[in-house]
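Notes for the one structure printed next.
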2 protein chains.
Amino acid sequence: MYKSGFQAASLDNILSNANVTKGALYHHFGSKQELGYAVVDELIREHILNRWVRSLEKAENPIDGLLAILRAKEPHPGFDQRLGCPLNNLAQEMSPLDEGFRKRLEGVFREWRQGIAKALRRGQERGQVRSDVDPLESADFFIAALEGSLSLAKNAQDTDVFDNCKAGLASYLKGLRTPGSS
Amino acid sequence: MYKSGFQAASLDNILSNANVTKGALYHHFGSKQELGYAVVDELIREHILNRWVRSLEKAENPIDGLLAILRAKEPHPGFDQRLGCPLNNLAQEMSPLDEGFRKRLEGVFREWRQGIAKALRRGQERGQVRSDVDPLESADFFIAALEGSLSLAKNAQDTDVFDNCKAGLASYLKGLRTPGSS
DNA sequence: ATACATGCATACTGGTTGGTATGTTATGGA
DNA sequence: TCCATAACATACCAACCAGTATGCATGTAT
C-alpha cells in the first residue's frame, strides 16, 4: 500500500495484501522501520538506477536518452502515474521524521543526480551538450522539475497539467543541446 | 505539527501545542477532517493568494515580480524551508486518500496557476513577455519546478541543491522575457 | 433571580496499531 | 533416524488514536 504512505499503511494491511503473516515478517525484519529501509535500498534505489543511471550510461546522446525515458514514463509495473513517484512520496513523508530514511533517500537522489550529471558531462565532451551548461545544476533542476511535475499530476488527476509540464521539461532539455546539433 | 503530516499529527499533540482542549475543538469542528479542510481554505489558500496572486496583480512586470518572490522565499512565519511547502506536503499526503482534500488543494493550485498565467498574459500585452509563450503551460511548469525544488531541498538539507534549482528557475523565467527587454 | 444556551474542560471508550510470546512446521546435517 | 535450528503461524498485549458523554462555567434575555 504505497498509496496511503508508509506510516498510514498498517502492517496488518501490508501483510494480508502480500499473503504473509506477521511471524514471517518479524523473522526477517526487526521492525516496520527496517522493512521500510529495505524497500528504499532494494526496490526504489534499484528502480532509479536502472531507469535513469544505467540506461543513460548506454545512451549515445544524453539528451535523447533523457527525452526517451521521459516519453516512456508510463509503462512500469507498480509505478502508477496517479500515485506519484515512490521515491519522492517517501521522501516527503519520512524525511522530516526519520533521519535513517532521510539519509537513504538523499543517497538515492544523489546517485540519480550524479548519473545525469555524468551523462551530461560526457555529452559535453562529445559536443552534444552546450559547454556553458553546469551539469550538476542542470541535473538538479531537471530532477526537481520532474518530481514537481509528477506531484502536480498526482494531485490534479488531469492529464493537461502533466502534459504542460512534460512539454516544459522537454523544451528545457532541448535548450541544453549545442546549437545546431539536430 | 505540520512537520509530521496530517494523519500522523495526533489531535492530542495539536491541542496541547495550541493550548486548546478537545472540547473546544469539537465545539467548532465536527471532526479532524473538517479541521484539516479549514486549514486548507483559510490558511494555505490565503497564503498562496497573498504571496503569488495578489502580489503579481500589482507588479509592473510579471517576470520581475516572480523573481522577487523567489528571492524572498525565506522570511515567512510558519513556512520553514526545511519542512517544504505546506500546500504540496498536504497534497502529496492526502490527495490519494481523501477526495475532499484533493478537490480543495486542486482548487488552490488552479488559482495559483491562473494567477501566474494571467500575469504572464498581461506581460505579453505589454511586450514584456515573449508572445510565443503559452501562459498556462509556463505557469504549470514554473509551479512544478518550484515545488520540486522545495521537495528536493527539504530532503537534502543541503543549500547547494536548492541554490542550483533556484538558479534554474531564475534562468527559466528570464528566458520568457522578450529578447532585448532589460 | 432564574432559565437556558453557548463555550469550553475532563474523563472515558471502542477500535486500531506496532510489536511480542509462544507454538508449529519445514529443512538440513550427522 | 534424530535433532537442532531456521522459517513461519497465531494469539495476544500495551499504547495510542479519534471521537463522545458529561459536567461546568459564563453570559444574556425575561
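Numbered from 1 within each chain, the chains take letters A, B, ... in sequence-line order.
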Subject >> Ring geometry between A/Trp52 and A/Trp112 (parallel below 30°, tilted from 30 to 60°, perpendicular above 60°) >> reply: tilted
In whole Å, I'd like the distance from the [atom1] atom of [X] to the [atom2] atom of [N].
X       : N      : atom1 : atom2 : result
B/Gln7  : D/dC17 : CD    : P     : 13 Å
B/Leu15 : C/dC8  : CG    : C1'   : 12 Å
B/Leu11 : C/dT13 : CG    : P     : 19 Å
A/Leu35 : C/dT17 : CG    : C1'   : 15 Å
A/Tyr26 : D/dT10 : OH    : P     : 17 Å
B/Phe29 : D/dA18 : CZ    : P     : 15 Å
B/Ile14 : D/dG19 : CD1   : C1'   : 14 Å
B/Asn19 : C/dC8  : CG    : C1'   : 14 Å

**OP:** Assess the side chains of A/Gln128 and A/Thr178: does a donor N or O sit below 3.5 Å from an acceptor N or O?
**Re:** no
Original post:
Can you find a side-chain donor-acceptor pair between B/Glu93 and B/Gln7 that sits under 3.5 Å?
Top reply: yes
Phosphate OP1/OP2 of [N] contacted by [X] side-chain N/O (<4.0 Å):
X       : N      : value
A/Ser10 : C/dT17 : yes
A/His27 : D/dA9  : no
A/His28 : D/dA6  : no

**OP:** Report yes or no: is the cationic atom of A/Lys154 (NZ for Lys, CZ for Arg) under 6.0 Å from the centre of the six-membered ring of A/Phe162, at an angle within 45° of the ring normal?
**Re:** no
**OP:** Just compare D/dG19, C/dG19, D/dA9 and give me whichever is closest to any side-chain atom of A/Ser31.
**Re:** C/dG19
Subject >> Nearest-nucleotide comparison on DNA chain C, the residue closer to the 5′ end among A/Gly23 and A/Asn13 >> reply: A/Asn13
**OP:** Tell me which of A/Gly30 and A/Asp12 sits closer to the 5' end of DNA chain C, going by the nucleotide each one is nearest to.
**Re:** A/Asp12
Subject >> No-H, no-angle donor-acceptor pair, B/Lys22 side chain to D/dG19 base, under 3.5 Å >> reply: yes
**OP:** Determine, for A/Arg110 against A/Glu106, whether the closest basic-nitrogen to carboxylate-oxygen distance falls under 4.0 angstrom.
**Re:** yes
Original post:
Across the strands shown, which category fits B/Ala8 at heavy-atom distances under 4.0 angstrom: base, sugar-phosphate, nothing?
Top reply: nothing
